[in-house]
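Each chain gets a letter, A, B and so on, in the order the sequences are listed, and its residues count up from 1.
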Amino acid sequence: MVCDQFIVRKISKIAKMKDIIYKQEFNIQGGDFINGGEASCKISTILKEIGIDPEVILRVAVASYEAEMNVVMYAQQGTIIFILTPVKLVLQIEDIGPGIEDINRAMVPGFSTATDEMREMGFGAGMGLPNIKENSDVLNIDSETGKGTKLEIIINLP
Amino acid sequence: MSKKIISLEQIKTSLNLEVLQGNQLDKKKVNKGYVGDVLSNVIAQAKPGDIWITCQGHPNIVAVAVLKKLSAIIIVGKRNPEPATVQKAKTENIPLFKTELPAFEVVGKIYQQGVFGI
């Protein structure tokens with residue numbers, strides 16, 4: 001789907017819901033490099049239409065793109081749940097996949113388990129999780145080897 | 001050399017770029033650029049409005065350009081982008097060029113016109 005073809009509910013309507021201004025779930029298909037990144041594009045478009053600060057949108061874009069591409073690269077499938085509240089933005093990424101064997105190592109810039117093919121495409125530089133951390137206020141990672149990975153990214157609104 | 005804002009049309013003409021996707025290039029302005037093939041570096045470091053020089057030709061580069069609001073992509077070094085890349089660039093309205101020149105030459109020629117990296 002195209003980034004700019006998204007209808008966003010107006011804040012006035014959704015303000016009736018308690019803390020959640022906006023919530024949406026996206027499915028990510030493992031190995032789909034052609035469509036990889038589109039969920040992140042949609043999230044960016046939604047944030048722009050709501051009128052979120054452009055600097056925040058760029059931070060979300062980096063964190064969301066890296067998380068999405070990790071699912072595309074390593075997992076069989078996954079979901080991104082995107083939640084916006086008046087004070088923060090939450091991305092919950094959950095996948096069915098190999099999991100992360102050693103999270104501390106995975107956080108070290110340059111550490112990567114990518115294949116040569118991924119590297120040739122410019123992925124797998126070992127900057128994914130460090131880039132997510134750099135652009136988020138909170139990053140929680142929960143992973144089980146052989147089962148999958150859960151990421152929670154929180155970005156506070158100014 | 002002083003900083004200048006130039007149009008995509010000027011860049012296209014001066015480098016004799018092949019236009020794979022793009023229109024009204026004279027109205028689209030560029031004042032900075034970024035070169036890189038590692039997508040994590042580009043997504044983290046390129047700035048909105050940058051013209052991006054890369055040898056990557058797969059469709060995912062368009063998503064990076066959209067997310068970082070880049071002004072255009074130049075695919076360098078005799079690389080042929082996949083048809084899906086051109087199609088995606090059309091859908092997302094990201095100007096896409098191609099040249100046989102290597103990245104160093106492309107960056108040098110654009111820099112000479114007053115478009116810098118920072």
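For A63(B) against G36(A), the heavy-atom pair with the smallest separation is CB-O, 4.0 Å. N60(B) and F33(A) get closest at one heavy-atom pair: ND2-O, 3.3 Å. Nearest approach of G37(A) to L67(B), heavy atoms of both residues: O-CD1, 4.4 Å. Pairing each heavy atom of E66(A) with each of S40(B), the nearest pair is OE2-OG, 2.8 Å.
Contacts of residues 114-121 of chain A with chain B at a heavy-atom distance below 4.5 Å involve E120(A), M121(A), listed in sequence order. Interface residues of residues 124-133 of chain A toward chain B, defined by a heavy-atom distance below 4.5 Å and sorted by number: A125(A), M127(A), G128(A), N131(A).
For K29(B), the NZ atom is densely surrounded, since the number of other residues' heavy atoms within 6.0 Å is greater than 12. Counting heavy atoms of neighbouring residues, nucleotides and ligands inside a 6.0 Å radius, atom CD1 of I5(B) does not exceed 12 of them. More than 12 heavy atoms of other residues, nucleotides or ligands shown are found within 6.0 angstrom of CZ on F116(B). More than 12 heavy atoms of other residues, nucleotides or ligands lie within 6.0 Å of NZ in K32(B), so this atom counts as buried by the packing criterion. The 12-atom threshold is exceeded at NZ of K28(B), counting heavy atoms of other residues, nucleotides or ligands nearer than 6.0 Å. More than 12 heavy atoms of other shown residues, nucleotides or ligands fall within 6.0 angstrom of atom NZ in K69(B). Within a 6.0 Å sphere centred on CD of E101(A), heavy atoms belonging to other residues, nucleotides or ligands number 12 at most. By the neighbour-count criterion of 12 heavy atoms within 6.0 Å, atom CD of E152(A) is densely surrounded, having more than that number from other residues, nucleotides or ligands.
Put simply, the side chain of P48(B) reaches to within 4.5 Å of the side chain of L58(A), judged on heavy atoms. With contacts defined as side-chain heavy-atom distances shorter than 4.5 Å, the pair K68(B)/Y65(A) does not qualify.
Criterion: ILVMFWY side-chain heavy atoms under 4.5 Å apart, direct or through other members. Under it, I74(B) and Y34(B) are not part of a common hydrophobic cluster. Under the 4.5 Å side-chain contact rule for hydrophobic residues, V107(B) and I61(B) do not share a cluster. Both I28(A) and V66(B) are part of a single hydrophobic cluster, where members link through side-chain heavy atoms under 4.5 Å apart. Residues V38(B) and M73(A) are members of separate hydrophobic clusters, defined by side-chain heavy-atom contacts under 4.5 angstrom among Ile, Leu, Val, Met, Phe, Trp and Tyr. A continuous path of Ile, Leu, Val, Met, Phe, Trp and Tyr side chains, each step under 4.5 Å between heavy atoms, connects I93(A) with V60(A), placing both in one hydrophobic cluster.
For the pair K88(B) (side chain) and I34(A) (backbone), a donor-acceptor distance under 3.5 Å is present.
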